[in-house]
Amino acid sequence: KDDGGCDDDGATIPAEMINDTVVSEGIKFQIGPSANGKQNAVSCSGQTVALPDARFNAVYLLAMAVNGDTDATFKVDGRATQLPIEDWSGSIGRWDNRVFQDDSLNSQLDHLDAGFIKRAPLAWFCSHRHQQDGSDQVYTYSYLFKYRLDAHTGAKTLTLPNNPRIRIVAVSVVQDENDSTVAALPLYDDFTGRKAIQLIGN
């Protein structure tokens, strides 16, 4: 617990809460070793990863960002796809939130922060995380998200972005015909582009 570090504060995903495999919507990810001192995630710095000699039409990533959300470009055989990589902790959604001028009992309402729901598929979550001293940080959730990259049979390489804030926990190649079916409309609320609500005085 005290030799890892998902973020700048040394917090970590609780190893005892994650299985050897994570399955999300039928996509199976093999998780690295969780014993003390073992390396089990990759910090992205432009590495090139060899893809297996197999039949597949998609590359799936089990990933997270640290120290805030970030965008990055991944490449499969040079074909670029930009993805928004979500932070591994914090809120993944909320309603509009009231913000007051200060912390006093008589504080006036200042504005409403915009609600949001992050769009990346949530593959795994836990209701706490570990602090650097090994203690549980309860109700501070930790997440892993699933991302898809189009590929073609015979694709040879996956090139990671040069963004060390992105951590790749697992990669799977899949021949998945179900991905050709998509929802005609969002299946849950979409607050994309929602703005803060400013109040107008009388």
Side-chain angles (χ1 to χ4, degrees), residues 1-25 27-51 58-76 80-94 97 113 115-149 158-174 191-192:
K1 294 180 181 180
D2 59 0
D3 65 356
C6 283
D7 60 14
D8 289 346
D9 296 326
T12 57
I13 286 176
E16 71 276 9
M17 299 301 294
I18 192 167
N19 294 326
D20 292 337
T21 58
V22 168
V23 179
S24 174
E25 298 176 306
I27 307 302
K28 182 178 179 180
F29 297 98
Q30 186 69 39
I31 305 302
S34 59
N36 287 341
K38 295 294 184 179
Q39 295 179 329
N40 44 37
V42 170
S43 181
C44 293
S45 58
Q47 303 97 317
T48 297
V49 180
L51 297 175
V59 177
Y60 280 93
L61 310 173
L62 188 64
M64 62 182 180
V66 299
N67 306 315
D69 301 340
T70 188
D71 294 328
T73 299
F74 296 79
K75 296 179 181 179
V76 176
T81 302
Q82 187 171 29
L83 296 174
I85 308 299
E86 311 286 12
D87 191 81
W88 76 296
S89 194
S91 298
I92 60 173
R94 71 177 182 210
N97 189 44
D113 275 347
F116 67 90
I117 300 177
K118 295 183 177 181
R119 309 308 297 176
L122 180 61
W124 176 90
F125 77 96
C126 182
S127 62
H128 69 281
R129 62 184 190 177
H130 288 154
Q131 300 183 93
Q132 192 170 32
D133 64 4
S135 63
D136 289 344
Q137 195 171 8
V138 297
Y139 295 116
T140 302
Y141 281 62
S142 48
Y143 313 109
L144 295 173
F145 298 92
K146 181 182 67 177
Y147 299 92
R148 184 185 189 277
L149 300 170
L158 165 66
T159 303
L160 303 179
N162 186 13
N163 186 341
R165 288 175 50 206
I166 297 174
R167 310 296 167 82
I168 307 297
V169 177
V171 178
S172 292
V173 296
V174 178
F191 293 158
T192 302

### Query
Once you round to the nearest 0.5 Å, how far does SG of Cys44 lie from CG of Leu61?
8.5 Å
#### Entry: Trace of the salt bridge (Lys or Arg N to Asp or Glu O under 4.0 Å) decision for Arg129 with Asp9
CA-CA 12 Å; Arg129 62 184 190 177; Asp9 296 326; 5.4 Å; no
### Query
Can you name the salt bridge (charged side-chain N to carboxylate O under 4.0 Å, His left out) partners of Asp69, sequence neighbours left out?
Lys118
#### Entry: Atom pair OG1 (Thr192) and CZ (Phe116), whose distance is rounded to the nearest 0.5 Å
11.5 Å
### Summary
Taken to the nearest 0.5 Å, the spacing of Thr48 OG1 from Leu158 CG works out to 8.0 Å
### Message
Can you confirm whether Gln39 is buried at CD, in the sense that more than 12 heavy atoms of other residues, nucleotides or ligands lie under 6.0 Å from that atom?
### Response
no
### Query
Do Val42 and Val49 come within less than 4.5 Å of each other through their side chains, counting heavy atoms only?
no
### Query
Any donor and acceptor pair, going by atom type alone, linking the side chain of Ser172 with main-chain N or O of Lys28 inside 3.5 Å?
yes
### Query
Looking only at heavy atoms, which two atoms of Cys126 and Met17 are closest? And how far apart?
SG-CG, 3.6 Å
### Query
Can you find a pair of side-chain heavy atoms, one from Ile18 and one from Leu144, that are under 4.5 Å apart?
yes
### Query
From Tyr147 OH over to Ile168 CD1, what is the distance, rounded to the nearest 0.5 angstrom?
9.0 Å
### Task
Assess whether side chain to side chain contact (heavy atoms under 4.5 Å, CB included) is satisfied between Val76 and Thr81, documenting all intermediate values.
CA-CA 8 Å; Val76 176; Thr81 302; over 6 Å; no
### Query
Can you say whether the rings of Tyr141 and Tyr143 are parallel (under 30°), tilted (30 to 60°) or perpendicular (over 60°)?
parallel
### Task
Using atom types as modelled and distance alone, determine if a side-chain donor or acceptor of Arg165 lies under 3.5 Å from a backbone N or O of Asn67.
yes
### Query
Could you state the interatomic distance from NE2 (His130) to OG (Ser142), rounded to the nearest 0.5 Å?
9.0 Å
### Message
Go through it in stages, so that I can follow the logic: the residues are Asn40 and Ile31, the test is side chain to side chain contact (heavy atoms under 4.5 Å, CB included), and I'd like the CA-CA distance, side-chain angles, deciding distance and then a yes or no.
### Response
CA-CA 7 Å; Asn40 44 37; Ile31 305 302; 5.7 Å; no
### Query
Any sub-3.5 Å donor-acceptor pair from Asp136's side-chain atoms to Val138's backbone N or O?
no
### Positive for side-chain hydrogen bond (donor to acceptor under 3.5 Å, both in side chains) with Ser135, one of Gln131, Gln137, Gln132
Gln131
### Task
Enter the distance from Asn162:CG to Gln47:CD here, rounded to the nearest 0.5 Å.
8.5 Å
